[in-house]
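What follows is a set of notes on a single structure, which appears directly below.
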Amino acid sequence: MAREIRITPSILNADLTNLGREISRIASVSDLIHLDVMDNVFVPNFTFDFERASQIVKECPIAVDAHLMVADVDLIAPAYAEVGCSSVTIHAEATRNITSTLRAIRKAGARAGLGLKPATSIEAYADCLDEVDMFLIMTVEPGFGGQKFMYEILEKVKRTRAIIGDRPIWLQVDGGVSLETIGQASEAGADVFVAGSAVFKADDPASMILSLRNLAISVAD
Ligand code: DX5
Ligand code: ZN
């Protein structure tokens, strides 16, 4: 059976002063909105505190996929589920208790995601499969939009797909996804694609999302 392909546009590079308008340009063709939360500790950049992020989640007309790039994520992660995020991803490098935090996210009603920076091995987390609804494999160093896709991570994407096997776990790639790179990421086994600058720098963001999705579907098995 063909994998279902999802595009989750990141609003990191959207016009944050006019977010309602930015989201309305892409809402009809987006599967989820990817919300990058950065604390200037886990990554050298700051985006939103919890208060601002939860306001965005409440106002967003489509489901939100929160990507928490914050240190000591265990306490705050379930709160993102409680304010209505449909998916909440924590970083393996930022948690002290993966299992209980992933369980708390699910208990609060969201899908539980586990993110890995480029240097973090997937094999170390293969025993988390029962607690995870999505793996997020970073294809850039987290912190900024507009970086170059790291092709050397495609091997890790393939290994993650093999580890997932038949389980209904989503496999997301994030960073540098564009018309140039999405085909190879899809061939490697990814099925959820974050795209920030590719979408918001396009003249027509909605048609860019459709093109990205079509390209990913055309090579998915
Ligand atoms: C980077 C963020 C990404 C970023 C993607 O740390 O996690 O979601 O916004 O932006 P592009 O698609 O421009 O690489
Ligand atoms: Zn992200």
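Just so you know, ligand 1 is whichever comes first in the structure, and atom 1 is the first atom listed for that ligand.
Those atoms of ligand 1 that come under 4.0 Å of a heavy atom in Leu12, given as number and element, are 4 (C), 9 (O). Counting the atoms of ligand 1 from 1 in the order shown, those under 4.0 Å from a heavy atom of Gly146 are 11 (P), 13 (O), 14 (O). Against a heavy-atom cut-off of under 4.0 Å, His34 is close to the following atoms of ligand 1: 8 (O). Residue Ala195 has at least one heavy-atom neighbour below 4.0 Å for each of these atoms of ligand 1: 12 (O). Contact atoms of ligand 1 toward Gly175: 14 (O) (distance under 4.0 Å to a heavy atom of the residue). Less than 4.0 angstrom separates some heavy atom of Met69 from each of these atoms of ligand 1: 6 (O), 7 (O).
Considering Arg3, Arg6, Arg161 as possible partners of Asp191, the one that fulfils the salt bridge (Lys or Arg N to Asp or Glu O under 4.0 Å) test is Arg161.
Not one N or O of Val194 is nearer than 3.5 Å to an N or O of ligand 1, by distance alone. Here's the thing with Ser197: one of its N/O atoms is less than 3.5 angstrom from an N/O atom of ligand 1. Annotation: Gly143 places an N or O atom under 3.5 Å from an N or O atom of ligand 1; distance criterion only. In terms of polar-atom proximity, defined here as any N/O pair under 3.5 Å, Pro142 makes no such contact with ligand 1. In terms of polar-atom proximity, His67 is counted as a contact of ligand 1, with an N or O under 3.5 Å from an N or O of the ligand. In terms of polar-atom proximity, Met38 is not counted as a contact of ligand 1, lacking any N or O under 3.5 Å from an N or O of the ligand.
The protein non-hydrogen atom at the shortest distance from atom 14 (O) of ligand 1 is Gly176 N, 2.8 Å. Regarding atom 2 (C) of ligand 1, its nearest protein heavy-atom neighbour is Asp36 OD1, 3.4 Å. For atom 5 (C) of ligand 1, the closest heavy atom belonging to the protein is Asp174 OD1, 3.5 Å. For atom 12 (O) of ligand 1, the closest non-hydrogen atom on the protein side is Gly196 N, 2.7 Å. Protein heavy atom at the shortest distance from atom 1 (C) of ligand 1 is Phe144 O, 3.6 Å. The protein heavy atom nearest to atom 10 (O) of ligand 1 is Gly145 CA, 3.5 Å.
A cation-pi contact links Lys117 to Phe42, judged by a cut-off of 6.0 Å to the six-membered ring centre and 45° from its axis.
Atoms OG and CE, on Ser178 and Met208 in that order, are 8.0 Å from each other to the nearest 0.5 Å.
Thr181 places a side-chain N or O within 3.5 Å of a backbone atom of Gly176 that can act as its donor or acceptor partner. Side chain of Thr8 to main chain of Ile33: no donor-acceptor pair is present (N/O by atom type, distance under 3.5 Å, no hydrogens or angles). Under the 3.5 Å distance criterion, the side-chain polar atoms of Lys156 are matched with a main-chain donor or acceptor of Thr120.
Around the Zn ion (ligand 2), the angle linking His34 (NE2) with Asp174 (OD2) is 100°, rounded to 10 degrees.
Shortest distance from the Zn ion (ligand 2) to His67 is reached at ND1 (N/O/S atoms only).
The minimum heavy-atom distance linking Asp36 with Phe48 is given by the pair O-CE1, 3.4 Å. When all heavy atoms of Ala190 and Val157 are compared, the pair lying nearest together is N-CG1, 3.9 Å. Closest heavy-atom contact between Ala185 and Leu154: CA-CD2, 3.7 Å. Residues Val29 and Arg213 come closest through the heavy atom pair O-NH2, 2.7 Å.
For His67 and Asp65, the side-chain atoms include no donor-acceptor pair closer than 3.5 Å.
Val88 and Leu171 end up in the same hydrophobic cluster when Ile, Leu, Val, Met, Phe, Trp and Tyr side chains are linked at under 4.5 Å.
Under the 4.0 angstrom criterion for non-hydrogen atoms, Ala198 is not in contact with ligand 1.
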